[in-house]
2 protein chains.
Amino acid sequence: MSPNHPPASGADGQAVSGVGAAIAATRAPRGQARAALIAAAHSMVRKQGYAATTVDQICAAAGVTKGAFFHHFASKEALAVAAAEAWTERARPMFEMPPHTQLDDPLARLIGHIDFRFAMLDGPVEEFTCFVGTMVQEAFATSDAIRAACEASITAYCEALVPDIAAAIDVYDAPEDVTALGLAQHIQAVLQGSFILAKTTNDPAIARESVTHLKRYIRMLFAPPGAP
Amino acid sequence: MSPNHPPASGADGQAVSGVGAAIAATRAPRGQARAALIAAAHSMVRKQGYAATTVDQICAAAGVTKGAFFHHFASKEALAVAAAEAWTERARPMFEMPPHTQLDDPLARLIGHIDFRFAMLDGPVEEFTCFVGTMVQEAFATSDAIRAACEASITAYCEALVPDIAAAIDVYDAPEDVTALGLAQHIQAVLQGSFILAKTTNDPAIARESVTHLKRYIRMLFAPPGAP
DNA sequence: GACAACATACCAACCAGTCGGTATGTAGAT
DNA sequence: ATCTACATACCGACTGGTTGGTATGTTGTC
């Protein structure tokens, strides 16, 4: 689903030690090597890119040895695929947790989601950018397995937006050729593009500006016809 | 300026042999090694990413030896910076050449530019995506020289759009807080984001959909207040 | 004690960058 | 015009460190 900001804890509710730092202070507890490796991959690839991140670096950040790495993953590519799938899971809370998901109006829920994404655009760039978006840039032509895994993650994100958008299209009248999936993909495109701009300046401000335009567009799209 | 499609010939009007292919068929003529290396870097980095592209690969694609490479560039990073600057130059014709630049109405020129970018979204993905956008993803945190060079290229593109947008803001009335530079950056964000989506599917169609939304947004922004 | 979950030691391939040398111009003196 | 002196452009073998991956040993758990 391509989230950009992780919950403070892992999917299972247990904090993964040292992930995000360059090197794990402690050795990962037995049974958590796999999760620690995936979390380390998320953080390092977002910062350095996929090809520039070495297996050794990931192991060091995860507090695990190379033997553990290749016990759990057949190759660096296999880790990338698993990490893309895990990324989808890491995004799920984004669609269930926030308060705006309780609103009655589908448009209000959609705008609430955009606001939620806007609020994420803060702090160090590598902490709000998208793991799969970063990885697919490098791997789309060289590893179809990675490409497909990233596609699945992005698709899952878009499809999670579809119900609210479809409902908004029903309630308000949008232009004929606006489809729920198409608009969801456009939202994703603006987010991904805003991440790239933020990387060029190493500052989130330019990304917020773009998401503001996105929000205005959605408001205009679904404006009641007689509105001022 | 971050173009996405090169003119068929180099900046000096002479075709660079074999660039775009994996390996140059012929050796580059004396005096053209530098240009050939930059062109090879553009094509290989767009396909594979920066870190995954080796100096040897670039040399092979350019039809020159490693000796020539390090004669012209102090390091791989120095080539990256030079290639980012060259990318800006490669984009310039995009703002001068096309017929729509002759139109009287600034909004028509702007829409014409969007149409022009839309028309580029065709063929193999690595042939319309952005070199600096790809590179900055990987290098923003590890090489400030590369990051800054990519920022300069993106900024140049945005600033080339500013005059027409500013004129359109003057002629038509847009919302208060829309600035010319901000909208130019949003246009760039949508393009960059659409490239990422195209990479996930390995198909330009999803990118065209997003640019269509962008075009609609711009039309709505500058719609005459009394229009239907 | 058997099996999964690790750790350690190691390797062949690869990579950015070096270095001594050659080929091709070119400016100035004669 | 031709020779000398020098500069630029380019070549390709070599190197030291790195990389993804393997082979084998150890530890904890049921």
Side-chain angles (χ1 to χ4, degrees), chain A residues 12 14 16-18 22-41 44-45 48-83 135 138-139 142-143 145-146, chain B residues 10 12 14 16-18 22-24 26-41 44-45 48-83 135 138-139 142-143 145-146:
Chain A
D12 55 354
Q14 286 184 285
V16 178
S17 68
I23 296 178
T26 69
R27 176 148 290 175
R30 191 180 175 88
Q32 299 204 343
R34 191 188 149 94
L37 284 165
I38 286 176
M44 304 226 56
V45 170
Q48 307 181 351
Y50 172 69
T53 300
T54 70
V55 171
D56 281 321
Q57 283 177 338
I58 295 173
C59 291
V64 152
T65 61
K66 231 171 174 181
F69 184 103
F70 285 101
H71 173 73
H72 288 287
F73 304 103
S75 64
K76 188 188 177 189
E77 185 186 31
L79 165 71
V81 170
M135 203 164 57
E138 300 178 58
T142 45
S143 165
I146 294 179
Chain B
D12 54 355
Q14 287 183 285
V16 177
S17 68
I23 297 178
T26 70
R27 174 149 292 175
R30 187 182 175 88
Q32 300 205 341
R34 192 189 148 93
L37 284 165
I38 287 176
M44 304 226 56
V45 170
Q48 306 181 353
Y50 172 69
T53 300
T54 70
V55 171
D56 281 319
Q57 283 177 338
I58 294 172
C59 291
V64 303
T65 62
K66 230 170 174 179
F69 183 102
F70 285 101
H71 173 73
H72 287 286
F73 304 103
S75 63
K76 188 188 177 188
E77 185 186 33
L79 165 71
V81 170
M135 205 164 56
E138 298 178 60
T142 46
S143 166
I146 294 179

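None of these values were measured; they are calculated from a predicted model. When reading the values below, keep in mind they use all heavy atoms of this one structure, side chains included, and skip hydrogens, waters and symmetry mates. Reminder, nothing fancy here: chain letters follow the sequence lines and each chain counts from 1.
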Spacing between B:Phe69 atom CZ and D:dG12 atom P, to the nearest angstrom: 17 Å
Atom-to-atom span, OH of A:Tyr50 to P of D:dT19 - whole angstrom: 14 Å
Return the 5'-most residue of the pair A:Gly67, A:His71 with respect to DNA chain C, ranking by each residue's nearest nucleotide. A:His71
Check the distance between D:dG20's P and A:Leu37's CG and give it to me in whole angstrom. 13 Å
Check: B:Ile146 and B:Tyr50 side chains under 4.5 Å, non-hydrogen atoms: yes
From D:dT19, D:dC11, C:dT8, nucleotide with atom closest to A:Thr65 side chain: C:dT8
A:Thr53 or B:Val64: which one's nearest nucleotide on DNA chain D is closer to the 5' end? B:Val64
All heavy atoms of B:Ala82 vs all of B:Phe73, minimum pair found to be CB-CE2, 3.7 Å
Between C:dT24 atom P and B:Gln32 atom CD, what is the distance in whole Å? 16 Å
Can a donor-acceptor pair under 3.5 Å be found between the side-chain atoms of B:Lys66 and the base atoms of C:dA16? yes
Would you tell me if any nitrogen or oxygen in the side chain of A:His72 comes within less than 4.0 Å of OP1 or OP2 on C:dC6? yes
Give the rounded distance in Å between these two atoms: CD of A:Gln48 and C1' of D:dT18. 14 Å
Which listed nucleotide (C:dA16, C:dA7, D:dC10) is nearest to the side chain of B:Phe70? C:dA16
To the nearest angstrom, the CD1-C1' distance between B:Ile58 and C:dC15 comes to 12 Å
In whole angstroms, the gap separating P of C:dA16 from CD of B:Glu77 amounts to 13 Å
Please answer whether the main-chain N or O of B:Gly49 pairs with a side-chain N or O of A:Glu138 as donor and acceptor at a distance below 3.5 Å. no
For A:Glu77 and A:Ser143, test the side chains for any donor-to-acceptor distance below 3.5 angstrom and give the result as yes or no. yes
If you take atom types as modelled and just measure distance, does the side chain of B:Lys76 reach the base of C:dG17 with a donor-acceptor pair under 3.5 Å? no
Is A:Lys76 positioned over the aromatic face of A:Phe70, cation under 6.0 angstrom from the ring centre and no more than 45 degrees off axis? no
